[in-house]
A.B. asks: 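Sharing a structure below in structure tokens format, with a few things to ask.
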Amino acid sequence: MTQRTYSESDVVDFVIVGSGASGGVLAKELSIAGFNIVVMEQGPWQPPSQFSHDELATIQQGKMLNTTIDPIQTFRKTEKETAKVSSGRGLTYRRGVGGSSVHFTANFWRLRPIDFHERSVWGSIPNSGFADWPISYEELEPYYTKVDWEIGVSGAPGPFDAPRSKPYPVPPLPLKSSGALLEKAATAMGLHAQVAPMAILSQPYDGRSACKSCGHCMSYGCEFGAKSSTLVSVIPKAIATGRCEIRVESTVMRVDVDKTGRCTGVVYRDAKGEEHKQRARAVVLAANGAETARLLLMSKSPQFPHGLANSSGKVGKYIMFNGGGGTVGRFAHPLNEYKGHVVSRIIHDFYDADPKRGFYGGGGIDARFPSGPLSFALGGLPKDLPTWGSGFTQSLHDYYPNTLSISGHTTSLAVETNSVSLDPDHVDRLGRPVLRLTYTDHPDDMKSKAWFQAKTRELMEAAGAEKIWNSPIRESNGSVHLLGTARMGNDPSESVIDKHHRAHDVPNLFICDGSSLVTSTRGQPTMTIQALAFRAADHIAKFAREHAV
Ligand SMILES: Cc1cc2nc3c(=O)[nH]c(=O)nc-3n(C[C@H](O)[C@H](O)[C@H](O)COP(=O)(O)OP(=O)(O)OC[C@H]3O[C@@H](n4cnc5c(N)ncnc54)[C@H](O)[C@@H]3O)c2cc1C
């Protein structure tokens, strides 16, 4: 399908920066609503037929990731330190049309009503910026349902789920060995294993095929189009309107404003590094919780000397990841977990934070085997086994098909000093200051990780594993869940956007992606990021029709 293209002399209705989980939804909704759109995407447009199962290129070399093209980020634990070049992968996402929705694992959990007003229930938590959302679950529910039906989600209701206005559009994916063992363990411990909601089709839907159980979901693109990325679900519909252009290999460097402080468009570099400007009546940032913050901080002007939309000083602050703690086990019989979708059953009995635990923190638990053969050989075996020779190959043979992990996915508290900012000492290949992460886990987050790891060990024992091992609980120094850096709120001195995703400081600037979240979710934030995008698009379209942008 050929897409409509615009020239630089055109003033389009909206420029959207980023074509990922949120940007794809916004592009579809705003173009169907009748607006002219240019979506700026820094990465390429890879059709599903180009996705491969090459573990070396995809996992070890991270060919689709930001951290391969721009390898330098910096990290420090506190604001007093000078950040050093990160040793790990840092703030990681996929560059390209569809963003990280292309290679994500597709666990797709809704929030529950409690998530939106937990601060009121718990009170303040020392050394945190724990806050209520300015919206409720009830306001977001119709949009969660819209995500289910427009993106394509498989599942079945569980005992602890929030109310839903419509059933899932497609039934659950098949039960896997890991799911059967999690059910067995849950029953033995008086807990409840429930079907895992997944953004993967269990049967043909909306012109797309069902999952073929190839086993290459996590970190891979789906060549069958069964994973419900924005690349295959909503972006084709945006293009079909004839009003939306996705401009690839175009990295936005700054958002421009006029003397009155209104956005006039974005300045970007094309694949050759040449600078251009796309003019627009309004700008929507959907570049994720790391890049949206960098872009705002880089968009300094006399009107906004501390960065665009940053009169509160909160841009880039309160970055949240999700924690986790897990246990690995080997079973007597093969499980062959490397096949199929990653997760088929989850446990949400511990979702709510519970004062009896002595700290704030809740989460979900799943069972999975997150390793291809190469990654497993490079670090998946327990440490007491041989690392070379025939003993090593025999161990790989004995362990690879028989192993699974049970993992916690936990909350992360918003802490003001945890931030993404512009590194003063390093620039990337385009001359942008590199992402600097300042991060120390809140003590309650560390306690959550340890508590959930202990639970996963109990579950592994109840599931009947014959050998059990754990990795030590670690402090975070990066993540693939990039949340909270332009948070939503009613108070302009405490937040960056209002409850309709409009920047408090700039009437024609909207921000809607992982950066909008006020609390961290219990892992799996993308369902909420996309529900927010559907909701934001409704409000933005209404404001535009009323000439109120
Ligand atoms: C391996 C992996 C597994 C994951 N599994 C899950 C899971 O199971 N469940 C879950 O809920 N979440 C999961 N996630 C997280 C999930 O992918 C993200 O939460 C989600 O994609 C974030 O959506 P977003 O719209 O905020 O940003 P993204 O999807 O990251 O999209 C941002 C887009 O903006 C583009 N961009 C950035 N800066 C610029 C710029 N300056 N100019 C132009 N374009 C730009 C990027 O290239 C990208 O395409 C996973 C992530 C990874 C990496």
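Treat the numbers as computed from the prediction; the structure is a model and nothing was measured. Numbering of ligands and ligand atoms starts at 1, following listing order. Heavy-atom basis, side chains included; hydrogens, waters and symmetry copies ignored.
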A.B. asks: Answer yes when Lys28 and Glu150 have at least one side-chain N-carboxylate O distance shorter than 4.0 Å, and no when they do not.
C.D. replies: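 Yes, this pair counts.
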A.B. asks: What's the separation between atom OG in Ser515 and atom CD in Glu291, rounded to the nearest 0.5 Å?
C.D. replies: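 So the OG of Ser515 and the CD of Glu291 are separated by 11.5 Å.
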A.B. asks: Heavy-atom contacts with Ser101 under 4.0 Å: which atoms of ligand 1 show up? List them by number with element.
C.D. replies: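 Listed by number with element, the hits are 21 (O).
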A.B. asks: Could you check which of Leu295, Asp366, Thr92, Thr526 puts a non-hydrogen atom nearest to atom 11 (O) of ligand 1?
C.D. replies: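 It is Thr526 that holds the nearest heavy atom.
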A.B. asks: Report the C-alpha distance between Arg110 and Thr145 in whole Å, list the side-chain angles of each, state the deciding distance to 0.1 Å, and finish with yes or no for side-chain hydrogen bond (donor to acceptor under 3.5 Å, both in side chains).
C.D. replies: CA-CA 10 Å; Arg110 287 184 181 204; Thr145 294; 3.2 Å; yes
A.B. asks: Which residue and atom name correspond to the protein heavy atom nearest atom 30 (O) of ligand 1, and how close is it?
C.D. replies: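 Of every protein heavy atom, Asn288 ND2, 3.2 Å lies nearest to atom 30 (O) of ligand 1.
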A.B. asks: Taking only Lys NZ, Arg NE, NH1 and NH2, and the carboxylate oxygens of Asp or Glu, determine whether Arg294 and Asp428 approach each other closer than 4.0 Å.
C.D. replies: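 Yes.
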A.B. asks: When only distance counts, is Arg95 in polar contact with ligand 1, meaning an N/O pair under 3.5 Å?
C.D. replies: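 No, there is no polar N/O contact under 3.5 Å.
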A.B. asks: Kindly confirm or rule out an N or O of Gly289 lying under 3.5 angstrom from an N or O of ligand 1.
C.D. replies: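 In fact, backbone or side chain, Gly289 has no N or O that close.
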A.B. asks: Answer yes when Glu245 and Arg4 have at least one side-chain N-carboxylate O distance shorter than 4.0 Å, and no when they do not.
C.D. replies: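 The answer is no: the pair does not qualify as a salt bridge.
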A.B. asks: Near Gly514, which atoms of ligand 1 are under 4.0 Å from a heavy atom of that residue?
C.D. replies: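 Matching atoms, with element in brackets: 26 (O).
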A.B. asks: I'd like to know if the side chain of Lys176 and the backbone of Glu337 have a donor-acceptor N/O pair within less than 3.5 Å.
C.D. replies: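 Yes: the side chain of Lys176 pairs with the backbone of Glu337.
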A.B. asks: On a heavy-atom basis, I'd like to know which of Gln524, Arg269, Glu41, Arg432 is closest to atom 47 (O) of ligand 1.
C.D. replies: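 Among Gln524, Arg269, Glu41, Arg432, the closest heavy atom to atom 47 (O) of ligand 1 belongs to Glu41.
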A.B. asks: Side chain or backbone, does Gly96 bring an N or O within less than 3.5 Å of an N or O on ligand 1?
C.D. replies: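 Indeed, backbone or side chain, Gly96 has an N or O that close.
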A.B. asks: Identify the closest protein heavy atom to atom 9 (N) of ligand 1: which residue and atom is it, and at what distance?
C.D. replies: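 Looking only at protein heavy atoms, the one closest to atom 9 (N) of ligand 1 is Asn107 O, 2.9 Å.
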A.B. asks: Hey, does Phe104 come in under 3.5 Å of ligand 1, counting only N/O atoms on both sides?
C.D. replies: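 Phe104 vs ligand 1: no N/O contact under 3.5 Å.
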A.B. asks: Check for me whether Lys146 meets the cation-pi criterion with Phe534, that is, NZ or CZ under 6.0 Å from the six-membered ring centre and within 45 degrees of the ring axis.
C.D. replies: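 Judged by the rule, Lys146 and Phe534 form no cation-pi pair.
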A.B. asks: Considering non-hydrogen atoms of the protein only, which is the closest contact for atom 36 (N) of ligand 1, and what is the distance?
C.D. replies: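 Checked against all protein heavy atoms, atom 36 (N) of ligand 1 sits closest to Gln42 NE2, 3.5 Å.
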A.B. asks: Return the closest protein heavy atom for atom 53 (C) of ligand 1 as residue, atom name and distance.
C.D. replies: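 Nearest protein contact, heavy atoms only, for atom 53 (C) of ligand 1 is His103 NE2, 3.1 Å.
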A.B. asks: Taking Tyr439 as the fixed residue, which of Phe75, Phe321, Tyr318 is the one that meets the ring pair (Phe, Tyr, Trp, His ring centres under 6.0 Å) rule?
C.D. replies: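 Result for ring pair (Phe, Tyr, Trp, His ring centres under 6.0 Å) with Tyr439: Phe321.
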A.B. asks: Which protein non-hydrogen atom lies closest to atom 1 (C) of ligand 1, naming both residue and atom, and how far is it?
C.D. replies: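 Atom 1 (C) of ligand 1 sits closest to the protein heavy atom Ser219 OG, 3.5 Å.
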A.B. asks: How are the rings of His500 and His539 set to each other: parallel, tilted or perpendicular (split at 30° and 60°)?
C.D. replies: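 Aromatic pair His500/His539 classed tilted.
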A.B. asks: Please determine, by modelled atom types, if Lys449 and Ser476 share a side-chain donor-acceptor pair under 3.5 angstrom.
C.D. replies: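 The criterion, which ignores hydrogens and geometry beyond distance, is satisfied for Ser476 and Lys449.
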A.B. asks: Does an N or O anywhere in Ala21 fall below 3.5 Å from an N or O of ligand 1?
C.D. replies: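 For ligand 1, there is an N or O atom that lies under 3.5 Å from one belonging to Ala21.
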A.B. asks: Between Asp270 and Arg247, does any NZ, NE, NH1 or NH2 come within less than 4.0 Å of an OD or OE carboxylate oxygen?
C.D. replies: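 Salt bridge: no.
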A.B. asks: Taking 4.0 angstrom as the limit, do Lys63 and Asp54 come out as a salt bridge?
C.D. replies: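 Asp54 and Lys63: not salt-bridged.
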A.B. asks: Which residue supplies the protein heavy atom nearest to atom 34 (O) of ligand 1, what is that atom called, and how far is it?
C.D. replies: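 Ranking protein heavy atoms by distance from atom 34 (O) of ligand 1, first comes Gly18 CA, 3.2 Å.
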A.B. asks: Thinking salt bridges, do Asp256 and Lys277 make one under a 4.0 Å N-O criterion?
C.D. replies: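 Answer for the salt bridge query: yes.
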A.B. asks: State whether the shortest distance between N or O atoms of Gly43 and N or O atoms of ligand 1 falls below 3.5 angstrom.
C.D. replies: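 No, Gly43 has no N/O under 3.5 Å of an N/O on ligand 1.
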A.B. asks: If you count the atoms of ligand 1 from 1 in the order shown, which ones are under 4.0 Å from a heavy atom of Tyr93?
C.D. replies: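 Result: 30 (O), 46 (C), 47 (O).
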A.B. asks: Could you go step by step and tell me if Asn322 and His409 meet the side-chain hydrogen bond (donor to acceptor under 3.5 Å, both in side chains) rule?
C.D. replies: CA-CA 7 Å; Asn322 289 119; His409 303 272; over 6 Å; no
A.B. asks: For ligand 1, is there an atom lying under 4.0 Å from some heavy atom of Arg94?
C.D. replies: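 For ligand 1, residue contact (heavy atoms, under 4.0 Å) with Arg94 is present.
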A.B. asks: Using a strict cut-off of 4.0 Å, indicate which atoms of ligand 1 neighbour a heavy atom of Ser22.
C.D. replies: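 In order of numbering, the contacting atoms are 24 (P), 25 (O).
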A.B. asks: A cation-pi test, strictly: NZ or CZ of Arg112 under 6.0 Å from the centre of the six-membered ring of Phe116 and no more than 45 degrees from its axis. Yes or no?
C.D. replies: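 Ring-cation test returns no.
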A.B. asks: How far is atom 22 (C) of ligand 1 from the closest protein heavy atom, and which atom is that?
C.D. replies: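 The answer is Ile529 CD1, 3.9 Å.
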A.B. asks: For atom 41 (N) of ligand 1, what is the nearest protein heavy atom, given as residue, atom name and distance?
C.D. replies: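 Ranked first by proximity to atom 41 (N) of ligand 1 is Val252 O, 3.1 Å.
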A.B. asks: Heavy-atom pairs closer than 4.0 Å: do any link ligand 1 to the side chain of Ala533, the backbone, both, or neither?
C.D. replies: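 It is neither part, as no heavy atom is under 4.0 Å.
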A.B. asks: Would you mind reporting whether Val420 and Arg436 have side-chain heavy atoms less than 4.5 Å apart?
C.D. replies: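 Not touching, per the 4.5 Å side-chain cut-off.
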A.B. asks: Considering the heavy atoms of His481, write down every atom of ligand 1 situated less than 4.0 Å from one of them.
C.D. replies: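 So the answer, numbered in order with elements, is 12 (N), 13 (C), 14 (N), 15 (C).
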A.B. asks: Going by the order shown, which atoms of ligand 1 are within less than 4.0 Å of some heavy atom of Glu291?
C.D. replies: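 The atoms of ligand 1 under 4.0 Å from a heavy atom of Glu291 are 37 (C), 38 (N).
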A.B. asks: Would you mind running through ligand 1 and noting each atom that sits below 4.0 Å from a heavy atom of Ala286?
C.D. replies: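 With Ala286 as reference, the close atoms of ligand 1 come out as 32 (C), 34 (O).
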A.B. asks: Residue-level breakdown please: for Ser250 versus ligand 1, do any non-hydrogen atoms fall below 4.0 Å on the side chain, on the backbone, on both, or on neither?
C.D. replies: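 The answer is the backbone of Ser250.
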A.B. asks: Heavy-atom contacts under 4.0 Å between Met253 and ligand 1: side chain, backbone, both, or neither?
C.D. replies: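 Neither part.
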A.B. asks: Do any nitrogen or oxygen atoms of Met527 come within less than 3.5 Å of a nitrogen or oxygen of ligand 1?
C.D. replies: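 No - when backbone and side-chain N and O of Met527 are compared with those of ligand 1, no distance drops under 3.5 Å.
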